[in-house]
Amino acid sequence: MRRFLRSGHDPARERLKRDLFQFNKCQLVTLLDDNSLHLWSLKAKGGVSELQEDESFTLRGPPGAAPSATQITVVLPHSSSKTLYLGTESGSVFAVQVPGFRPLEDRTISSDAVLQRLPEEARQRRVFEMVEALQEHPRDPNQVLIGYSRGLIVIWDLRGSRVLCHFLCSQQLDSVCWQRDGRLIVSCHSDGSYCQWPVNPDTQQGEPLRSCVPYGPFPCKAITKIFWLTTKQGLPFTIFQGGMPRASYGDRHCISVVHDGQQTAFDFTSRVIDFTVLREADPAAAFDDPSALVVLAEEELVVLDLRTAGWPPVQPPYLASLHCSAITCSHHVSNIPLKLWERIIAAGSWQNTHFSAMEWPVDGGTSLAPTPPQRDLLLTGHEDGTVRFWDASGVCLRLLYKLSTVPVFLTDSDPGEHLHAQGEDEWPPLRKVGSFDPYSDDPRLGIQKIFLCKYSGYLAVAGTAGQVLVLELNDEEAEHAVEQAEADLLQDQEGYRWKGHERLCARPGPVRFEPGFQPFVLVQCQPPAVVTSLALHSEWRLVAFGTSHGFGLFDHQQRRQVFVKCTLHPSDQLALEGPLSRVKSLKKSLRQSFRRMRRSRVSKRRPAGSPGEVPGRSGRAERTGLQNMELAPVQRKIEARTAEDSFTGFVRTLYFADTYLRDSSRHCPSLWAGTNGGTVYAFALHVPPAERRTDEPVRAEQVKEIQLMHRAPVVGILVLDGHSVPLPEPLEVAHDLSKSPDMQGSHQLLVVSEEQFKVFTLPKVSARLKLKLTALEGSRVRRVSVAHFGSCRAEDYGEHHLAVLTNLGDIQVVSLPLLRPQVRYSCIRREDVSGIASCVFTKHGQGFYLISPSEFERFSLSTKWLVEPRCLVDSAETKHHNRPRNGSGPEKALGRARNSGSQSDGEEKRPDPVMAHALLSDERVLKEIQSTLEGDRGSYGDWRSQQVAMSQVSRPGAQAAR
Amino acid sequence: MNRSFHKSQTLRFYDCSAVEVKSKFGAEFRRFSLDRQKPGKFEDFYQLVVHTHHIANTEVTIGYADVHGDLLPINNDDNFCKAVSSANPLLRVFIQKREEAEHGGGLATGSLSRRKKALALREEGPRRRAHLHIGLPHDFRPVSSIIDVDILPETHRRVRLYRHGCQKPLGFYIRDGVSVRVAPQGLEKVPGIFISRMVPGGLAESTGLLAVDDEVLEVNGIEVAGKTLDQVTDMMIANSHNLIVTVKPANQRNNVLRGGRAASGSSGRSSDSAASSRHSLQAPAPPGLPAAAADDMESDEEPDVVLEGDLEPRAAPRLPPPGGGGGGGLTRLNGSGPASGLHGGGAQSRESSLHSLHRLISSLRSDPRHSLALPPGGVEEHGPAVTL
């Protein structure tokens, strides 16, 4: 019998209370917060397994019984696969037949029945209360152990309805566990102790064989779950959750492993929901011989190898924690050349040396998804200054490599940070595990923009404190100094004072960098405002960056600044003061809410008008006043944008193009920048030819400035060649991956603002076409990207169009070059601001967005490129032939996770729906569940029928609400 | 056909004592200057103009572009002084043969005769033909109008706000609310968008055509039903240069009544009937307004401004040859100040002004073409590109 643990998903969006159980027929039972039980099963449909809900059930007590009588605390799926035993708060254990959820009233084990069958001396105390533990005897399915919270444990004979044994603990009981042979039970208690009790029906024992408080002698927290596992070598493994000294370590989330004189308290950064141990599967085997410890924490799933000395973690092949540190931005690169791919993987393998060599012990089905046609990278920037490289080619995101920009800077917690070597005598022996680490040393390190050139291996990364790093992929470890430069974006402007954060302090002298992307240039914007746009041209060796104050161009070949341009409007004080002067707005909103409070109080206090008064004007005025007040809260000002608006200088987009900027006879490199105030600047660049590239300076001069009259923020700039095809990426033509652009016909400039799409001719900028999105629909463009839509019929046919995400969460396709809206789907909820902000499009009409801090959802607008999870789980019937099973044996083989009832104290409630979590030995099952859940979501809202498929990419940790 | 200009901000270097005058007759330009403090008499100015243009024996009217871009007449000492003193910094003078001017509707209306389009002023046509001048309405310009009275139900009002040429903010707020409608199955409450507040002194308030609690039904021809407050806000702001809102006024007493129907008390009409509202919304949608507006570049909005040339190192000022250089000549800039002004380099009709660029441009745009009787399309109306 296997058991799944998860928290989260249910079609009714109810909160899943605790856990799921699985019978050997690919079935699950879930217990939800509302005390309802749901039976699920995996069924193969069209060659793909799907998880379906078969039925649901709510336990009903006799009329008039207290609600607690039927409040389920523990569920025991009996090995016969026919019965569920439900422990309740009242102390009764109910039996329910499955499937069908038919209560078997004759088999109810009420606390009175137990009490009557107890010997005289055990009856004196009020020992019942709620059922805390319900465990089947490992060898004899007719014996069930029932543990009550007040400390009484009984072994109940299901056939004879009698008490075989009873044990009376002096402490509140939290959990119980059998030894494999059924001769010993281990109970754990709320005072941080655990006791061993020999099971011998003949001799009743009043005292435990052994009692121990592992982290005593000072008061300890409860041990909420314990495993007692035997090994061939003789010394058992004791694995338990909690029990830490209350005063100094009471807030830690620890699981301790004790074996052979070694003891380690694995310290998790998020709350532990449950854990289990993978052990010998053969029921006939004499020993447990545990192989791995699987821990489900709120934010991640961690597997520890128990067979290797030191108990190292196992690298998760999926379910990786995306949000180890909060995701601040993402960047997708399609079709990575094999060479670069291999080098990134090689760099990543250097970082994974601390992982165990053990294979991932969880097997979740057979993936039927075709091998991805190309290699795609998703880069996520994080708050702690790291960039993670994910393999986004297929269904699961896999972490390939992690880049940290922190070594370039001096941070507070620097010297001797890596002193892992805590003293050996440290007590308790804590060890941090897992990758989830939401605490950032310095928020300025946060990554805001990423730009990777897949052909050259150049990477540009920009952050919160105006830092721009240019990095190069190096397969060797290296020690070198990073060239530093400062870009003063306020050049001519006098008398402004930046009130935001300081710029980061770069580390002087050479720095040692591990193999991978190594920074060689650091440009720091002054004032150090967040970098809002970034572009890298690897062929011209130029990097452009923009902030709320202006933008600049840096030649990273010669390590020289080419120019800076201030875009700030002289009256824009706000932009100068710092990053979104939060203090001010907080003050303002506080003031407003106080005002509102005061107003409402005043209006309440006023008498409704005494009868003697003339119900005249004053009364009416009061009434209308009240009405207005009730209606007033949400109103929007209608005002045209003006040049004096705030943040008009905010640079939203930067774009390099080789096009006809000055005249129609010669094309030249150019840099385009678009601002929040609807201004587009165009600079002609003179990039010296390759042979003189290192000597001659790059020159730039401003050639054009376009002010869009509607003054909406410019979110995208694009140049179309003579055939109305977007210009290729730098080096794309050189690598023969793209047709060279048509330089004969006239080029066109596409400017996308939040409100309009507009095509202009080049070089004379006159408007040709436009599509007014906002004026027609009231939606604004949030994200726009060129997508290549390939035909799924004709191999070589494809068209370039714009994929557009609006502030309403709609995704639209707008044709190029005629700007006709083609299709529109609603994709993200309009209230999901962070989802909309996190959306990133791929070059082939797919996209990702965050549905929670830790989960990306993937969607596709393309008929050709569709990444869809398709998995098959061999059902039990088919497996029967492969694996001999007899009786109740094999089902028990694997981890038995105890229901962590005591933990469901509200923290676990999590409104967010999707969470697939499984602790099981069968990876296929896991994948399957995932896929079906995804299927559910996919079909939601008829996506399928519209040829838009959605799928989940990564759903790490059962990250519950914080 | 080039036009050029610089940002008005750059004009602060200008020497205030002399006013640069650019006078235009037909396709020809003349430049001269006047003393700002002592411009002299209108009569002298008239002679000067006639003389410089060599049109001594023609009856002409003289007009100038004021700061709002409106074409106002110069026909006496007072408005001449006003014209000179308000020149900022360039005084742009337009000369028309008198008979042409009158035929074309006169100076002031010339500035109004923007291209006819979608929801254009219906009364514009007739007025243009009117030769009758009553008083001196020359420097009036429209601020708002009620339009489409003939196709809308009486309970509704379609208001157009002209923001261009007006310094006032639009000045109103909208909110969510509940609207009661008559449906086949009785009254039903539906969500609606209402005007919640007027900014004192704003355009909306000053027109008197919109009021608090008026329900907003359409924005520039697009129904707002089913849209959120934020969407409607965005739509209004996106159309703010030429905002047309259809409202159901909260106060139904001032409705325009048509066709001899007696005012049967306001109550009967104040509740919107489903039938009438449906009718209204199907009213002939102004062509070119909504729908696939992708390809037609309506000229109802101000064109984008394009500045060209290397703006970083400022070009050394040099005087342009008076009278404009021939076709295609790249005239790089203006004589009066390091960064001021612009210069119509083109020998053709295109010229422009600077100062508040967009306003001016859009208002002037139609004018030269009109007065010069250029073939429509001969001058491309959205060629804002300027080569300096």
Side-chain angles (χ1 to χ4, degrees), chain A residues 563 565 570 628 631-642 662 678 680-684 700-710 712 751 754-758 760-761 763-780 807-808 814-815 818-821 830, chain B residues 9 163 169-177 194-197 199 202 204 212 219-220 222 224 227-241 243 289-297 301-313 357-358 362 380 382-385 387:
Chain A
F563 76 90
K565 165 87 182 168
N628 282 349
L631 296 170
V634 192
Q635 57 176 357
R636 298 274 183 271
K637 188 174 188 179
I638 307 299
E639 206 46 79
R641 295 194 183 84
T642 68
R662 289 174 187 280
V680 175
Y681 299 93
F683 281 76
E701 63 180 329
Q702 181 170 345
V703 176
K704 284 188 168 62
E705 180 177 330
I706 305 168
Q707 175 62 55
L708 299 177
M709 273 311 144
H710 60 290
V751 177
E754 284 193 358
E755 294 184 353
Q756 300 186 0
F757 298 74
K758 238 170 164 168
F760 297 90
T761 58
K764 186 172 95 61
V765 179
S766 57
R768 278 200 61 213
L769 283 177
K770 73 178 158 190
L771 168 63
K772 300 208 283 184
L773 187 73
T774 312
L776 294 175
E777 297 178 7
S779 55
R780 288 202 305 264
N807 65 331
L808 305 179
V814 174
S815 75
L818 291 177
L819 299 183
R820 300 209 183 268
R830 70 174 62 165
Chain B
Q9 290 102 301
R163 204 184 66 84
L170 280 172
F172 65 100
Y173 289 73
I174 56 171
R175 61 165 168 90
D176 280 315
F194 294 83
I195 293 177
S196 63
R197 186 151 88 83
V199 176
V212 169
V219 175
N220 287 54
I222 313 275
V224 303
K227 294 197 157 55
T228 63
L229 184 62
D230 287 333
Q231 272 175 287
V232 177
T233 307
D234 288 339
M235 286 168 69
M236 287 188 172
I237 290 174
N239 286 304
S240 58
H241 54 88
L243 182 61
L289 239 198
D295 43 357
D296 67 325
M297 295 291 292
E301 76 185 54
E302 304 155 306
D304 305 319
V305 174
V306 181
L307 294 171
E308 303 213 5
D310 181 4
L311 307 172
E312 296 287 352
L357 293 173
H358 39 293
S362 61
E380 243 263 323
H382 31 257
T387 315

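First the proteins, then the strands, lettered A, B, ... as listed; each starts at 1.
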What is the minimum heavy-atom distance between B:Leu229 and A:Gln635, and which atoms define it? CD2-CA, 4.5 Å

Which portion of [X] sits near chain B, non-hydrogen atoms under 4.5 angstrom:
{"X": "A:Leu808", "result": "side chain"}
{"X": "A:Glu755", "result": "side chain"}
{"X": "A:Ala775", "result": "both"}

Winner by heavy-atom pair count (cut-off under 4.5 Å) against chain A, out of B:Ala238, B:Ala204, B:Ser196: B:Ala238

If you count heavy-atom pairs under 4.5 Å with chain A, which of B:Asn239, B:Val199, B:Ile174 comes out on top? B:Ile174

Point-to-point distance, once rounded to the nearest 0.5 Å, from [atom1] of [X] to [atom2] of [Y]:
{"X": "B:Met235", "Y": "A:Lys772", "atom1": "CE", "atom2": "NZ", "answer": "11.0 Å"}
{"X": "B:Asp234", "Y": "A:Glu754", "atom1": "CG", "atom2": "CD", "answer": "8.5 Å"}
{"X": "A:Thr774", "Y": "B:Met236", "atom1": "OG1", "atom2": "CE", "answer": "14.0 Å"}
{"X": "B:Phe172", "Y": "A:Glu639", "atom1": "CZ", "atom2": "CD", "answer": "8.5 Å"}
{"X": "A:Arg830", "Y": "B:Asp230", "atom1": "CZ", "atom2": "CG", "answer": "8.5 Å"}

Any side-chain heavy-atom pair from A:Met709 and B:Val305 closer than 4.5 angstrom? yes

For A:Ala684, the side-chain contact (heavy atoms from CB on, under 4.5 Å) test, sequence neighbours excluded, returns A:Leu661, A:Arg662, A:Cys668, A:Val703

Any salt bridge linking B:Asp304 with A:Lys758? Criterion: basic side-chain nitrogen under 4.0 Å from a carboxylate oxygen. yes

Test of understanding: with salt bridge (Lys or Arg N to Asp or Glu O under 4.0 Å), list the residues that count as partners of B:Arg197, not counting sequence neighbours. none

